[in-house]
2 protein chains.
Amino acid sequence: MNDSRPIRAKSGTNHEGTSAHNRRVMIDALRINGALSRADLARATRLTKQTVSNIIEELERDGLVSSQEAVRKGRGQPSTPYGLVPEGAFAIGLQIDRHVTRAVAVDLVGSVLVRDEAGLPPGGPFNGTKVILDLVAGVRSKLAGIVQQSEKRLVGLGAAMPGPFGVAGSGDDPWMMEAWQKFPLLETLAAGTGLDVGLQNDAAAAATAERMVGAAHGLDHAVCLFVGYGIGAGLILNGELYRGANGNAGEIGMALLFADGKSTPLEHRASLASLYQHLSIDPADPDLYARINELALRGDHSIHAWVEAAAADLRWSIHLLETLFDPQTVILCGSAPEALVSRLFAAIGPLLPSIAERRGRTLPRLQPGIADPWSVALGAAAGPISRAFDPRFAAILKDSLQS
Amino acid sequence: MNDSRPIRAKSGTNHEGTSAHNRRVMIDALRINGALSRADLARATRLTKQTVSNIIEELERDGLVSSQEAVRKGRGQPSTPYGLVPEGAFAIGLQIDRHVTRAVAVDLVGSVLVRDEAGLPPGGPFNGTKVILDLVAGVRSKLAGIVQQSEKRLVGLGAAMPGPFGVAGSGDDPWMMEAWQKFPLLETLAAGTGLDVGLQNDAAAAATAERMVGAAHGLDHAVCLFVGYGIGAGLILNGELYRGANGNAGEIGMALLFADGKSTPLEHRASLASLYQHLSIDPADPDLYARINELALRGDHSIHAWVEAAAADLRWSIHLLETLFDPQTVILCGSAPEALVSRLFAAIGPLLPSIAERRGRTLPRLQPGIADPWSVALGAAAGPISRAFDPRFAAILKDSLQS
DNA sequence: TCATTAAGTCAAATGTATTGACTTAATACT
DNA sequence: AGTATTAAGTCAATACATTTGACTTAATGA
């Protein structure tokens, strides 16, 4: 009798959705092209000059854009370019890794203003929570010391940690599974900071960073192959980060390779974890990166062998990502010793033939990305900035309008 | 001096974009849930009753929805459900395959009203164009004979053929590469029919069909693994078909498997092409499907061996798709003899452990999909319907508003 | 000097969605 | 049987963001 299965539907939109979208489109245009005049913006966005004027005026009042010196270019009234104001918004990014946690504060254009890190005690989230919250609080107060009004312009806290999330059993990496998975991280961080909190995996964070300030800047279709303790792919599809149904899209580390008659996850063959095992190094060693950097620079034989093997696997991975996602470009990024990443990059070429080889290509099939230890924290911070300011379908819908 | 690099920006939107989106949201809600009252629609879409009334009135005038008998359910005025009118819109779908071309006419809800096929002469598109245009014209006129005003309600022609598109060289399938790739198919079809024409690959078409009338109905994240002459994946991501930067996303047939010390494209191991080779059958045989169906039903040993081997490869493919796309479900569909597909489906289980194994799953990880020979043509027809009526980000933007 | 070109503003108009009061029509309670 | 309650749906006025077209401003070029 009770026929009350829930009705599923997408949300509608209204004037505010329109306006929110147009604001985001303006900000996006200024981010991609640099400063533009109202007339340029009107042409590029296909809105009228008047609409652009209204929105720019509003954005200027909000401190997100500011006018620059007028530019004379031929006949007609000189144009007044408007550019993004870096201090218009800030976000905190937080990387939670196995033995360490890092936090950064970035501004609207993705510049890192504050960075700090702390060791994480063993024993999982219950012991680590205080360290993390203290680290965030420290970065936040340092930011407040550098810029005025930073607290009012803080749009959120982005957290990044290795995925996958919410998967039943099967963890052969006990770190992730047992301790953190059941811990209400988002709630704890939200309660402890009072900020809007988002969570993504390392690779997604790296992709978010590449899109804001790296090789994927202004691209609508890019895949970031991220090499860290594990390996994953961050996906920019249709101009937005793609998360999948459960936030686990791109977990290429779990893809199975067949070799020597048995199947092995890519993660066991091409990741820092596999390198540590190959070299019999303790991953908790605090000088880890320095040691590996040195070995890589000096052309150590054992590292060389790993690099060659890993590069072959990455070559296959890149081919696979090109085949399945058809991106404009693939970006190799990571959180790993820099010399190691550049050796890997060099060892990968030439790429396997794929559908990415097409007439009229302009971008390289593979590009180097950000690969310093702070890239994940940066990407974590880029998350809230992107959610708040980038054009996205979801931002138009009534169920996501805040004011 | 001439600083005129083009300015890149996304398009803005306006009232008409808002309205277009809300119309689409209504239609989508009715498609997913069946007939709904204005009040139900208002709650589900978060629009006001008044707005819903206005839009429904307009949709009813346009012949896209119609009222049904009032329903008494407890206190209050009885509600009047509105449902989609199947005859509200039509589209023609066209499959272009190696030796055959098929066309169907479908209505707004995806029912096939007319179907017809024709053999394609060898020699590529120049010889085939007339056959194809005649086939489309025939289906179109049969449709006009069945329903009134069908021409006025025809939203477009969707074509589907094997991918990939626009790839340089490397064709080991000479059929696709040499003949069709350079032929201006879209322009020829548009000129020959006067309709809006779209093009997608077989797998994408299959996914579009599954979303409209199949196992992906109402899902926002689904992957259709399509087995035909080749093999591909059709991707429904965020509720829309994902095409990639060049329309080639999902070409999993080109993914490389390592076996016996060498790498082989999946397509060479798990596709009808590989079966034909395995059985030494001529793919041009007109009774092909019937013969294979018979062999499959009688449990032929040679087919059994192929099924087992292909199933293992599909098992790996499904694991890979789950890993990279994190969909709600994977659907096995195809354009292949039905008995073969069901044997394959049965032989695939049990699936490999993956991130898809999570607490609270409701949908099966793998579901059977549409696998009759008409599925690609159906999906091709579903393309224009979807483009015209489903909620999509692009539909909001000014640069896509027609009227 | 003056026509031309382009940026940007002003004020009124337009198009959708929203608001709040109202009507209609059923069930539930007394 | 009568009345209160609940929910669907309508009406008319309002609010909000974009659009339109005329106008102003400020430069170049002939």
Side-chain angles (χ1 to χ4, degrees), chain A residues 1-4 7 11-26 35-60 65 67-82 396-399 401 403, chain B residues 1-4 7 11-26 35-60 65 67-82 396-399 401 403:
Chain A
M1 208 84 280
N2 188 358
D3 181 22
S4 65
I7 295 171
S11 168
T13 187
N14 61 11
H15 306 124
E16 293 171 41
T18 301
S19 167
H21 172 70
N22 289 343
R23 278 178 61 121
R24 285 166 183 260
V25 167
M26 302 275 170
L36 294 175
S37 69
R38 291 147 137 103
D40 283 338
L41 282 167
R43 279 185 294 265
T45 61
R46 297 164 165 270
L47 293 166
T48 59
K49 284 184 296 181
Q50 186 58 59
T51 301
V52 171
S53 270
N54 295 341
I55 294 177
I56 285 291
E57 192 181 356
E58 193 186 305
L59 291 175
E60 194 170 23
V65 308
S67 61
Q68 302 180 352
E69 226 176 312
V71 175
R72 285 188 299 276
K73 42 183 175 187
R75 281 186 183 176
Q77 185 178 75
S79 64
T80 307
Y82 284 77
I396 286 178
L397 309 182
K398 282 191 83 175
D399 54 16
L401 296 172
S403 78
Chain B
M1 207 86 276
N2 188 359
D3 181 22
S4 66
I7 295 171
S11 167
T13 187
N14 61 10
H15 306 123
E16 292 170 39
T18 302
S19 167
H21 172 71
N22 288 343
R23 278 177 62 121
R24 285 166 183 260
V25 166
M26 303 275 169
L36 294 174
S37 67
R38 292 146 136 104
D40 282 339
L41 282 166
R43 280 185 292 266
T45 62
R46 297 165 165 271
L47 293 166
T48 60
K49 284 185 295 182
Q50 185 57 59
T51 300
V52 171
S53 270
N54 295 341
I55 294 176
I56 285 292
E57 194 181 353
E58 193 186 306
L59 291 175
E60 193 169 24
V65 308
S67 60
Q68 303 181 351
E69 226 176 313
V71 176
R72 284 187 300 274
K73 43 181 176 190
R75 280 186 183 176
Q77 186 178 76
S79 63
T80 308
Y82 284 77
I396 287 179
L397 308 183
K398 281 191 83 175
D399 54 16
L401 295 172
S403 78

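Throughout, a chain's letter reflects where its sequence line sits, starting with A, and its residues are numbered from 1.
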Which is true for B:R23 with a 4.0 Å heavy-atom rule: it touches a base, it touches only sugar-phosphate, or it touches nothing? nothing

Between CG of B:L41 and C1' of D:dG9 the distance, given in whole Å, is 13 Å

Sub-4.0 Å heavy-atom contacts from residues 46-58 of chain B onto DNA chain D, ordered by number: B:K49, B:Q50, B:S53

So, taking the atom named OG in A:S37 and the one named CD1 in B:I7, what distance separates them when rounded to the nearest 0.5 Å? 7.0 Å

Between B:T18 and B:R72, name the one whose nearest nucleotide on DNA chain C is closer to the 5' end. B:T18

Only one of A:M26, A:Q68, A:E60 forms a side-chain contact (heavy atoms from CB on, under 4.5 Å) with A:Y82, so which one is it? A:E60

Would one find a side-chain N or O of A:N22 under 4.0 angstrom from OP1 or OP2 of D:dT18? yes

Report the C-alpha distance between A:R43 and A:D40 in whole Å, list the side-chain angles of each, state the deciding distance to 0.1 Å, and finish with yes or no for side chain to side chain contact (heavy atoms under 4.5 Å, CB included). CA-CA 5 Å; A:R43 279 185 294 265; A:D40 283 338; 2.7 Å; yes

Tell me whether the OP1 or OP2 atom of C:dT9 has a side-chain N or O from A:R38 closer than 4.0 Å. yes

Rounded to whole Å, CG of B:L36 lies from P of D:dG9 at a distance of 11 Å

Closest non-hydrogen atom pair between A:P81 and A:V71, with its separation: CG-CG2, 3.7 Å

Assess whether one donor atom and one acceptor atom, taken from the side chain of A:H15 and the base of C:dT16, lie less than 3.5 Å apart. yes

Atom NZ of B:K398 and atom C1' of D:dT19: how far apart are they, to the nearest Å? 8 Å

Walk me through whether A:T80 and A:S67 qualify under side chain to side chain donor-acceptor pair (under 3.5 Å). CA-CA 6 Å; A:T80 307; A:S67 61; over 6 Å; no

How many Å lie between CD on B:E16 and P on C:dA17, as a whole number? 11 Å

Using only side-chain N and O atoms of B:N14, determine if any of them is under 4.0 Å from OP1 or OP2 of D:dA17. no

Would you say the side-chain atoms of A:N54 and A:Q50 include a donor-acceptor pair closer than 3.5 Å? yes

Provide, to the nearest angstrom, the distance between the CD atom belonging to B:E60 and the P atom belonging to D:dG9. 12 Å

Rounded to whole Å, how long is the line connecting atom CG of B:D40 with atom C1' of D:dG9? 13 Å

Closer to the 5' end of DNA chain D via nearest nucleotide, is it A:K73 or A:S19? A:S19

Applying side chain to side chain contact (heavy atoms under 4.5 Å, CB included) to B:N14 and B:K398, what does each step give before you reach the verdict? CA-CA 7 Å; B:N14 61 10; B:K398 281 191 83 175; 3.7 Å; yes

Could you state the atom-to-atom distance from CD of B:Q77 to P of D:dT10 in whole Å? 8 Å

Looking at the base of D:dT6, is there any donor atom on it, or on the side chain of B:R75, that sits under 3.5 Å from an acceptor on the other one? no

Verify the contact: side-chain N or O of B:T80 to OP1 or OP2 of D:dG9, cut-off strictly under 4.0 Å; return yes or no. yes

